[in-house]
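Since the structure comes first, as structure tokens, the remarks are kept for the end.
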Amino acid sequence: MPQNKQIHLDNRPVGEATASNFKLVVSETPQLKEGEVLVRHHFLSLDPYMRGRMNDAKSYAQPQALGQTMGGGTVGEVVASKNAKFAVGDKVVGMGGWQQYSVVDAAQPGALRKVDTAHIPLSAYLGAVGMPGVTAWYGLVKIIEPKAGQTMVVSAATGAVGSAFAALSKARGCRTVGIAGGPDKCRYAVDELGFDACIDYKLHMDAPSLSRALKEACPKGIDGYFENVGGMVLDAVLTRMNAFGRIAVCGMIAGYDGAPLPLSYPALILVNRLKVQGFIVSEHMEVWPEALKELGTLVATGKLKARESIADGLEAAPEAFLGLLKGRNFGKQLVRLHD
Ligand SMILES: NC(=O)c1ccc[n+]([C@@H]2O[C@H](COP(=O)([O-])OP(=O)(O)OC[C@H]3O[C@@H](n4cnc5c(N)ncnc54)[C@H](OP(=O)(O)O)[C@@H]3O)[C@@H](O)[C@H]2O)c1
């Protein structure tokens, strides 16, 4: 059995997460028992939710245990199997964590899923045709419930969730406006992702200034907002929401490292009779097949271009993760573990 590099959570962050919170460990891989398979990971997914799990705080999920391999989504191939349903060479998606290999009890429902890489690259199953894609689908379809001709806005627009949101929203005939950090991301949003407009929030010091830019980009107001960020961006969007608008609260990344996120205009929720609903995608497994089917078709037909930021080697994972929390990624953040 191969030696296996792993990254453990060594200690919990105080304020901002740092590389010293993580520790590289080399371990032996145990022999397979009946029903288990050995998966060699090609890619590890880095996701903002991992920051929340580094804290020992009450949340929708258990905190990441100290001294254990960081949890996370992986894609890879089966390299040894004692399970009749999985053969050597099968391409699979699972929750292998921040390590090069995982031993998986493949008999457990949902532990490992075989995927077809004929028309969809393996890595896309961690992004557009995976959890982030379904997240965009759920918030748009089930919470925002868009109608053709309405105006949709999404923040963190060029990221894994935001880029899938653009393709799904455009497919429903909506004017689709992004908010992203920096001119390169905004240009890419319009030229490649199909956004009708994209606003660089870094050019705006405060919510009134960003609100003016939103007025120009959304002349008929905003009917649906997919919230990924919080803080000043949410304040600005609230000032442009139409009556009976819907806000899907997906993430508030501006606060994940502990910064407070005050809400300046909560009365607008009442004045505009807004629906504001948070959600966690893993609590809605019933929609995944339908969502993945649409997302797979969008990727296979080139309507959803899933840009990726790829860090090389497990050792690069902590810095890449810290970069994701600062917007240094450009598209879905992955770590390449094996070719
Ligand atoms: N509810 C759920 O079930 C669920 C599931 C998956 C993801 N999420 C949430 O969805 C959001 C996007 O996730 P993702 O995986 O697609 O990540 P991502 O958008 O690929 O990467 C995170 C992006 O957030 C932006 N960002 C970081 N710090 C920011 C700040 N202080 N202010 C404004 N923007 C900031 C950066 O983009 P810019 O450079 O453009 O600022 C960065 O690239 C996150 O909030 C995540 O927690 C929720």
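Atoms within a ligand are numbered from 1 in the order they appear, just like the ligands themselves. None of these values were measured; they are calculated from a predicted model.
Residue contact check: Val281 has heavy atoms under 4.0 Å from atoms 2 (C), 3 (O) of ligand 1. For ligand 1, the atoms closer than 4.0 angstrom to any heavy atom of Asn329 are 18 (P), 20 (O), 21 (O), 42 (C), 43 (O). Per-residue contacts place Leu324 under 4.0 angstrom from the following atoms of ligand 1 (heavy atoms of the residue considered): 21 (O), 22 (C), 42 (C). Counting atoms of ligand 1 from 1 in the listed order, those under 4.0 Å from a heavy atom of Ala180 are 40 (O). Counting atoms of ligand 1 from 1 in the listed order, those under 4.0 Å from a heavy atom of Leu325 are 27 (C), 28 (N).
Of the candidates Asp184, Asp47, Thr135, Ile253, it is Thr135 that places a heavy atom closest to atom 5 (C) of ligand 1. One option in Val154, Val161, Leu46 has a heavy atom closer to atom 14 (P) of ligand 1 than any other, and that option is Val161. Between atom 41 (O) of ligand 1 and the options Tyr138, Tyr201, Phe226, Phe330, the minimum heavy-atom separation is to Tyr201.
For a threshold of 3.5 Å applied to N or O pairs, the pair formed by Lys185 and ligand 1 contains at least one separation below that value. An N or O contact shorter than 3.5 Å links Tyr256 to ligand 1 by distance. Every N/O-N/O distance between Ile280 and ligand 1 stays at or above 3.5 Å. Between Asn228 and ligand 1, a contact under 3.5 Å exists for at least one N or O pair. On a distance-only criterion, Pro132 and ligand 1 share no N/O pair closer than 3.5 Å. Checked against a 3.5 angstrom limit, the closest N/O atoms of Ala254 and ligand 1 fall outside it.
Across Arg246, Arg172, Lys220, Arg175, a single residue satisfies side chain to side chain donor-acceptor pair (under 3.5 Å) together with Gln150, and that is Arg246. In summary, of the residues considered (Leu334, Leu324, Asn329), a side chain to side chain contact (heavy atoms under 4.5 Å, CB included) with Ser309 occurs for Asn329 alone.
Tyr125 places a side-chain N or O within 3.5 Å of a backbone atom of Asp116 that can act as its donor or acceptor partner.
No heavy atom of Lys202 sits closer than 4.0 Å to any atom of ligand 1.
Contact annotation for Val229 and ligand 1: only side-chain heavy atoms (C-beta onward) come within less than 4.0 Å of the ligand.
Between Leu234 and Tyr225 the shortest side-chain heavy-atom distance falls below 4.5 Å.
If you check which protein heavy atom lies closest to atom 17 (O) of ligand 1, you get Pro48 CG, 3.6 Å. Looking only at protein heavy atoms, the nearest one to atom 23 (C) of ligand 1 is Ala156 CB, 4.0 Å. Of all protein heavy atoms, the one lying nearest to atom 40 (O) of ligand 1 is Gly181 N, 2.8 Å. In terms of protein heavy atoms, atom 1 (N) of ligand 1 is closest to Phe279 O, 2.8 Å.
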